Every structure is written in structure tokens, then in C-alpha cells.
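Heads up: the structure comes next, in C-alpha cells.
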Amino acid sequence: MHAFDWTVMCAYFGLMVLIGWWSHRRVGDVKDFFTAGGRMPWWLAGISHHMSGYSAVLFVAYAGVAYTTGITVYFWGFASIGVGVGIGSWLFAARWNRLRSRFGVASPLEYLARRYNVATQQALAWSGSLLKVADIAAKWFAVATLLNVFAGIDYNLGILITGVITLVYCTIGGLWADALTELGQFVIQGAAALVMIVVVLHKLGGISALWTMWGDLPASHLHPATSQYTTVFLLVYVLVKTLEYNGGMWNLAQRYMAAPSASEARRGARLSAALYLFWPIVLMFPMFAAPLLIPGLDNPNNSYAVMATTFLPHGLIGLVLAGIFSHTMAMVSSDANAISAVITRDMIPVLSARARHWTRRQGLKAARVTTVVFVLLTMAVATQAENLGGVLQIVVNWVAALMGPISVPLLLGMLPRFRTCGPRAALVSWASGLIAYALVYYVFDTSQTWLVATPVLVSLALYAGLGLLLPEPSEATEDVLARLSGVGDDPSGPPHASEESPVRA
């Protein structure tokens with residue numbers, strides 16, 4: 001890359017760090033650090049939710065799928081999320097917000113100790129944390145891949161650069177820093193996306209290529225479903241993404257919790273859903289056009305980076321790379337904040353009686369130390385990502401497949417329809433889903449569709465079935481569900497006074 005490109009990149013990184021330092025003043029305790037004190041405007045919560053949901057994997061693995069198979073990746077990769085978040089705006093967004101306002105929780109898993117028991121909470125906390133290590137490692141490796149193609153930087157050095165910069169601002173400023181940097185990243189990403197579209201349209205002969213290009217692509221590139229990414233796979237992905245993007249991916253639950261009220265959380269969710277349906281089309285248009293502009297690539301995963309370095313002038317290459325960085329830094333910083341919340345609020349207090357009595361200052365220090373350790377661990381694992389199967393293997397075959405068993409008890413436990421599902425249903429459905437995954441992944445030779453579908457469907461069936469056949473009613477469950485139901489909500493007023501955390505109750 002040219003010196004001008006590096007200048008743009010350094011300016012971007014410097015802006016992210018400055019926002020982190022500014023946000024530091026808004027963080028007084030762990031609840032500010034993890035949920036922004038419930039003061040985040042709905043529009044910022046919505047943009048933050050959207051930006052936290054996808055990463056540089058889009059510009060590597062998904063760009064490769066777009067290059068080889070066409071528009072199917074939009075339907076199962078992003079339209080499924082838009083539909084899922086839209087469903088969540090009705091079912092889950094307000095409930096997550098009431099968990100903060102009515103129970104005073106700062107972690108998405110804190111309420112599980114009261115809804116089920118501590119054993120269930122710990123099972124989901126440990127398994128979910130380990131899964132997120134692999135997930136974030138894939139994101140670091142995707143960014144390192146792009147840095148290698150753009151600038152020839154060694155993979156491990158690329159992981160180190162992006163990891164350290166992300167670590168600085170998310171550790172200093174907490175969720176406020178995450179959300180504000182995500183807002184800035186959304187603007188930068190938009191500028192970079194428009195630049196790429198203009199360049200691609202110029203190469204294709206003008207603005208008319210927006211509607212004429214499709215006839216020049218292979219016919220198979222225009223099918224929403226393919227032999228590998230089938231209609232069943234798409235429908236299963238809608239289910240998985242509904243669970244994942246409404247709280248199964250814990251960092252996204254925090255965006256709902258950070259809004260001032262339940263109604264504001266719903267508005268933020270609807271904004272995010274709309275962005276997921278529209279914005280990926282803008283980002284992916286150059287990817288769909290890539291086979292026409294750079295045919296015959298040996299590694300389709302490099303298609304977006306090759307187009308950028310081939311067609312863009314100096315300076316704009318740096319802008320596009322900064323836009324790509326924005327995805328991963330947004331997702332990883334928000335993930336780190338959420339995992340730190342779970343470890344600090346849910347896991348350490350169970351292991352250490354002393355941690356249950358931390359002062360505000362001690363709790364905030366523990367949150368920052370936990371964030372540092374977690375991010376460093378993911379960076380270490382990222383150096384081995386290629387040995388673990390690569391980016392798409394981790395994101396689809398691991399994370400998407402395993403997210404269901406962890407998410408089912410967490411999310412369905414909020415809904416009155418599942419009030420008779422107790423600890424037994426939660427633990428059996430969780431464990432059986434993981435066992436089902438191990439069987440279809442390591443024992444049986446199944447398609448990718450059933451690899452993703454089997455764990456979540458097994459968990460759903462057992463959770464609902466055990467709740468029906470072996471009900472476990474309890475007063476604690478009824479109390480939780482009643483408080484999450486919305487009775488007494490004041491959409492225009494301040495949030496309810498916080499209560500003692502369920503973990504410490």
C-alpha cells in the first residue's frame with residue numbers, strides 16, 4: 001500500500017482510540033461498563049446492534065461464496081438475520097431491557113440463576129465462552145487475511161495490530177466506547193462501500209450495470225438456494241439467527257439492555273432489522289460482480305481485496321481497508337465486553353466468595369482485566385485458525401451449529417409459553433444438542449444443512465417436550481416471567497429502579 005493509504009489507516013485507528021478515552025469518563029461502575037447505564041439512545045443501540053453482528057468474515061469467506069455461487073449468501077447470511085431480528089423486536093428486545101431495569105443485571109446470563117439454577121447458568125456460561133473464543137479467533141484471522149493481501153503483512157502481525165488497538169478502546173471505555181466507535185465505523189464503512197460501488201459500476205460500463213450485470217453472471221448465481229445451501233438450510237438459518245442475534249450472541253443482548261426503556265429497545269431492534277435487510281446488499285454488490293471483473297481467481301476468498309487493490313487509487317484503498325476493519329473491530333469489541341460481563345458477573349462470583357463482595361472500583365478493575373485476558377486468548381487461538389479449518393468452517397460449521405443448544409434455554413426461558421421448562425429441560429436440551437452436534441460432525445457423514453440443523457432442532461424438541469411431559473413449575477420462574485411481561489411499563493418514563501442482581505440474591 002501507498003503511504004497515503006497508511007495515513008488513512010492510522011487516522012482511523014487514532015480516532016477509535018480517542019473515542020475510547022472520551023468514553024472513559026462515562027464509566028463509573030460495572031453497569032456503565034457493560035450496559036452503558038441504560039442511557040443509550042435507541043438509534044445508537046440499533047446501529048451498534050447492527051455493526052456488532054458481522055465482521056471481516058463478510059469480506060473474506062462470504063465474498064468467496066458470493067464469487068462462486070452468487071446471491072445465495074445474502075439470503076442465508078443476512079436476510080435471515082433481518083427476519084430474525086425483526087422477530088426478536090417483538091419477542092425479546094423489551095424483555096432483555098426489563099432484565100436490566102427490573103432486576104439490575106449487567107450480564108445476559110445473570111437472570112438464569114433465578115430462572116433455572118446456578119448449575120444451568122454455569123453450563124451455558126462456560127460453553128458459550130469457549131465457543132466465542134473460536135468465533136472471535138476466526139474474525140481476527142479474517143482481518144489478518146485482508147491485511148496480508150492488501151499490504152503483505154504477516155498473518156500473526158496483522159492479528160497483533162488489530163487486536164491491540166481494539167483492546168485499548170474497548171477496555172478503557174466499555175460499552176459506551178463500543179457503541180460510539182461502531183457509529184463512527186458505520187459512517188466510514190458507508191463511505192468505503194459507496195466508493196467500491198462507484199468503481200465497480202465504472203468498470204462495468206456505468207450505472208445501468210445495477211440492473212444489466214445480472215444477465216452476464218452464470219444463471220446459478222441468481223438462485224437464493226443451491227445444492228449446498230438448500231432451502232432447508234436457509235430456513236434453519238432463520239431459526240439459528242433468530243436465537244443468535246436476539247441474545248444467543250450475548251453482546252447483542254447488551255444493546256437491548258442498554259436502551260433507556262423497553263419501547264426504545266424495540267425501536268433499536270427494528271432499526272437493526274431494517275439495516276440487515278438492506279445494508280448487506282450495498283456491501284455485497286461488488287462481491288456479486290467480482291466474477292465479471294476478476295475471473296479465474298485461485299482463491300475466491302481474496303476476491304474483494306484483489307478488486308480493491310487493483311481498481312482503487314491510493315488513499316481510497318486505505319479507506320476501504322478501514323471500512324473492512326470497522327466490521328471486525330465492532331464485533332470483537334462488543335463480544336469482548338459481553339464475555340467479560342459473563343465471566344465477571346456470572347462465573348467468577350460462583351468460584352470465589354470474595355468476588356461476591358467486590359466494591360464498585362474492584363468490580364470495574366476485574367471487568368477490564370477480564371477483557372484483556374479474553375482478547376489476548378482469542379488472538380492466540382487466531383494464529384491457529386487455518387489449522388482449525390479456516391474462517392468459513394469455524395463460522396458456519398462450528399459457531400452457527402453450536403449456538404442453538406446454548407441459546408434455546410437462554411431465550412425461550414424468557415417466554416411465558418415455556419414457563420414449565422425448568423433446570424432439567426434446560427440442561428438436558430443443552431447437553432443433548434452438543435452431543436447431537438458431535439455425532440453428526442464426527443461420526444455420521446451428513447450434509448452442511450443437517451450439521452447446522454440437528455443440534456438446534458434436538459435442543460428445541462427436548463426443551464419443549466420435557467417442559468410439557470415433566471413440568472417443573474416454580475414461584476421463582478413465575479416471578480421472573482411476570483416482571484418480564486411488561487406489566488407496569490411506562491414507555492415515556494425512566495426505567496424502573498434496579499434491584500439486586502439474581503446471582504447475589
Side-chain angles (χ1 to χ4, degrees), residues 8-9 11-20 22-23 26 36 39-59 62-63 74 77-79 81-82 85-86 89 93 139 142-143 146 162 165-166 169-170 173-198 245 249 251-252 254-256 258-259 264-265 267-287 304 308 316 318-338:
V8 173
M9 285 295 301
Y12 164 73
F13 286 139
L15 176 62
M16 297 302 102
V17 173
L18 285 175
I19 291 175
W22 183 87
S23 303
R26 304 179 70 98
R39 301 189 301 273
M40 189 178 293
W42 69 269
W43 56 269
L44 181 56
I47 291 174
S48 179
H49 184 282
H50 176 74
M51 285 297 292
S52 297
Y54 52 110
S55 68
V57 171
L58 166 64
F59 299 94
Y62 284 15
Y74 163 75
F78 296 101
I81 300 174
V85 175
S89 70
K139 310 304 191 292
V143 167
L146 291 168
T162 52
I165 293 171
T166 304
Y169 77 75
C170 74
L175 193 63
W176 272 117
D178 293 346
L180 292 171
T181 51
E182 283 157 1
L183 176 61
Q185 289 159 350
F186 182 68
V187 174
I188 293 169
Q189 174 203 88
L194 292 176
V195 165
M196 280 296 292
I197 287 177
V198 169
Y245 279 72
M249 192 184 294
N251 60 312
L252 300 180
Q254 287 180 301
R255 272 60 188 170
Y256 298 149
E264 296 284 276
R267 293 177 72 186
R270 289 166 187 159
L271 172 60
S272 181
L275 287 171
Y276 272 118
L277 291 173
F278 166 71
W279 194 240
I281 297 175
V282 176
L283 298 176
M284 299 189 77
F285 178 80
M287 302 177 194
Y304 195 90
L316 292 183
L319 177 64
V320 169
L321 187 55
I324 293 171
F325 267 99
S326 70
H327 285 278
T328 296
M329 295 178 73
M331 174 176 273
V332 172
S333 62
S334 61
D335 269 335
N337 187 275

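Since the structure is predicted, the reported quantities are computational estimates derived from the model, not experimental observations. Sequence positions, counted from 1, serve as the residue numbers for this chain.
The two residues Leu283 and Pro286 come nearest to each other via the heavy atoms O-CD, 3.5 Å. The heavy-atom pair separating Met287 from Phe59 by the smallest distance is CE-CD2, 3.6 Å. Closest heavy-atom contact between Ala273 and Gly86: CB-N, 3.6 Å. Taking both residues in full, the closest heavy atoms of Leu277 and Ala79 are given as CD2-O, 3.8 Å, listed atom of the first, atom of the second, then distance.
Ser48 contributes atom OG, which lies 11.0 Å from atom OH of Tyr256 (distance to the nearest 0.5 angstrom). In this structure, CG on Leu275 lies 13.0 Å from CZ on Phe78, to the nearest 0.5 angstrom. Taken to the nearest 0.5 Å, the CG atom of Leu271 stands 10.5 Å off from the CH2 atom of Trp43. The structure places CD1 of Ile281 at 14.5 Å from OH of Tyr276, a figure rounded to the nearest 0.5 Å. To the nearest 0.5 Å, atoms CD1 (Ile81) and NE2 (His50) are separated by 9.0 Å. One distance of note links CZ of Arg255 with CE of Met40; it measures 6.5 Å at 0.5 Å rounding.
For Tyr304, there are no side-chain hydrogen bond (donor to acceptor under 3.5 Å, both in side chains) partners two or more places apart in sequence or in a different chain. By the salt bridge (Lys or Arg N to Asp or Glu O under 4.0 Å) test, Arg270 is found to be paired with no residue, residues two or more places apart in sequence or in another chain being considered. Taking Val282 as the reference, Ala193, Ile197, Phe278, Trp279 meet the side-chain contact (heavy atoms from CB on, under 4.5 Å) condition, with sequence neighbours excluded. For the side-chain contact (heavy atoms from CB on, under 4.5 Å) test, residues two or more places apart in sequence or in another chain that qualify with Ala308 are Phe150, Met196, Leu312, Val320.
For the residue pair Tyr245/His49, the side-chain donor-acceptor check at 3.5 Å is not satisfied.
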